[in-house]
Engineer: 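Please see the structure below; I have some questions.
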Amino acid sequence: MKVTIITSCYNRESTIRGCIESVLVQDYPDIEYIVIDGASTDESLAVINEYRDRITKIISEPDKGMYEAINKGLRAATGDIVGLVHSDDFLYSPHTISHIVERFKQTGADFLYGDGLFVNADRTDKVVRNWIGGNYRLWKVKHGWLPLHPTCYIRRDVIEKRGYYNETYKIAADSDLLFRYLLGGELSVTYLNEYIIRMRMGGLSTDSAKRRQMWKEDIRMYHSHGMNPIITKLEKMLWKIPQFIMAKFK
């Protein structure tokens with residue numbers, strides 16, 4: 001079973017090395033690694049090119065944002081299952097992909113998700129949010145819950161049937177994709193009860209300057225799926241409370 005991992009990057013010279021190395025140290029042998037750089041103006045591409053002989057495909061060209069970059073990676077992917085590791089993030093352990101593949105083989109699932117840690121951007125050993133995915137239930141999705149996006153690994157044939165990221169969203173495209181895939185309840189979904197990713201706080205959805213844009217996009221996105229936008233947005237916020245509480249004990 002081949003696994004495609006996609007990393008999108010723009011001006012992340014300080015973090016991209018750790019991201020790349022977390023993929024390259026995986027003990028699973030059949031990984032296709034695709035890195036999409038948006039024509040960075042810092043030294044990101046120079047760092048990426050240090051690993052050129054170990055990265056399957058590198059694309060560096062201007063784009064209109066992260067989701068266009070990820071879509072480029074999806075179109076280039078040839079793996080049986082596909083996952084993302086963003087340029088600020090890193091896989092939890094060298095065994096993460098092996099455990100994901102083992103779970104796919106055990107369950108035959110279409111869609112897998114797990115747990116993740118939001119960590120301090122400078123002190124990555126300091127946990128800010130402890131995201132425990134918990135068992136999958138369709139009713140949770142209908143009330144604003146979604147799995148943590150970078151813990152999701154999906155069969156490529158499902159992605160090709162259900163469609164790529166909606167690039168009209170700058171922040172909410174990941175939530176839109178997950179709702180498109182999960183709201184109907186047709187897919188076989190499995191939960192891997194272990195950490196998959198460490199995410200540095202400070203991405204688009206965690207930047208306070210983007211909060212207003214995120215609210216507007218979420219409202220539009222929920223409405224497009226026939227959900228009550230305000231109620232669903234509030235429900236989404238309530239799902240996050242335990243994550244901050246649990247982080248104090250991590």
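Because only heavy atoms are used, hydrogens play no part in the values below, and waters and symmetry mates are left out as well, while side chains stay in.
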Engineer: So, the side chain of Q213 versus the backbone of I171: is there a donor-acceptor pair under 3.5 Å, distance only?
Structural biologist: no
Engineer: Flag yes if more than 12 heavy atoms outside H225 fall under 6.0 Å of its NE2 atom; otherwise flag no.
Structural biologist: yes
Engineer: Tell me whether the count of non-hydrogen atoms from other residues, nucleotides or ligands lying under 6.0 Å of NZ in K57 goes above 12.
Structural biologist: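 Result for NZ/K57: open.
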Engineer: Got a sec: does the NZ of K233 have more than 12 other heavy atoms crowding it under 6.0 Å?
Structural biologist: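 Yes.
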Engineer: Is the closest basic N to carboxylate O distance between E186 and R162 below 4.0 Å?
Structural biologist: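 Salt bridge flag = yes for R162 with E186.
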Engineer: Donor-acceptor pair, R198 side chain versus F90 backbone, under 3.5 Å?
Structural biologist: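 Such a contact is absent between R198 side chain and F90 backbone.
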Engineer: Do Y67 and Y164 have their ring centres less than 6.0 Å from each other?
Structural biologist: no
Engineer: Side chains of S175 and L146: does their closest heavy-atom pair fall under 4.5 Å?
Structural biologist: yes
Engineer: Would a distance-only check, ignoring hydrogens and angles, find a side-chain to backbone donor-acceptor pair under 3.5 Å from T4 to G79?
Structural biologist: yes
Engineer: So with a 6.0 Å cut-off around CE of M237, is the heavy-atom count from everything else above 12?
Structural biologist: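 Check fails, neighbour count at 12 or below.
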Engineer: Considering residues, nucleotides and ligands other than I231, do more than 12 of their heavy atoms fall under 6.0 Å from its CD1?
Structural biologist: no
Engineer: As an exercise, state the distance from CG of D37 to CD1 of I58, rounded to the nearest 0.5 Å.
Structural biologist: 9.0 Å
Engineer: Do the side chains of I159 and Y181 get nearer than 4.5 Å, heavy atoms only?
Structural biologist: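 Y181 vs I159: side chains touch.
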Engineer: Determine whether a donor-acceptor pair (N or O, by modelled atom type, separation under 3.5 Å) exists between the side chain of N11 and the backbone of T41.
Structural biologist: yes
Engineer: Kindly compute the distance separating OH (Y136) from CG (L112), expressed to the nearest 0.5 Å.
Structural biologist: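 The CG atom of L112 is 13.0 Å from OH of Y136, to the nearest 0.5 Å.
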Engineer: In Å, rounded to the nearest 0.5 Å, how long is the span from OG1 of T7 to CD1 of I55?
Structural biologist: 8.0 Å
Engineer: Measuring from H143:NE2 to R137:CZ, what's the distance to the nearest 0.5 Å?
Structural biologist: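 It comes to 14.0 Å.
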Engineer: Quick check: closest heavy atoms across L45 and S60, and the distance to 0.1 Å?
Structural biologist: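 Residues L45 and S60, closest heavy atoms: CD2-OG, 3.6 Å.
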Engineer: So, Y28 and D30: side-chain donor and acceptor under 3.5 Å apart, yes or no?
Structural biologist: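 No donor-acceptor contact under 3.5 Å links the two side chains.
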Engineer: Please check this pair: side chain of S44 against backbone of Y10, looking for a donor-acceptor N/O pair closer than 3.5 Å.
Structural biologist: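 No; judged by distance alone, with no hydrogens or angles, the pair does not exist.
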Engineer: Is the centre of the H99 ring less than 6.0 Å from the centre of the Y92 ring?
Structural biologist: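 Between H99 and Y92, the centre distance exceeds or equals 6.0 Å.
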Engineer: Is a donor from one side chain sitting under 3.5 angstrom from an acceptor on the other, for D115 and T151?
Structural biologist: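 No.
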Engineer: For S40 and D42, indicate whether the former's side chain and the latter's backbone hold a donor-acceptor pair under 3.5 Å.
Structural biologist: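 Side chain of S40 to backbone of D42, a donor-acceptor pair under 3.5 Å: no, none is there.
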Engineer: Hey, does the side chain of R155 reach the backbone of A109 with a donor-acceptor pair shorter than 3.5 angstrom?
Structural biologist: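 Checked: pair present.
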Engineer: Testing W131, Y113, Y165 for ring-ring contact (aromatic ring centres under 6.0 Å, His included) with H149, which one passes?
Structural biologist: Y165
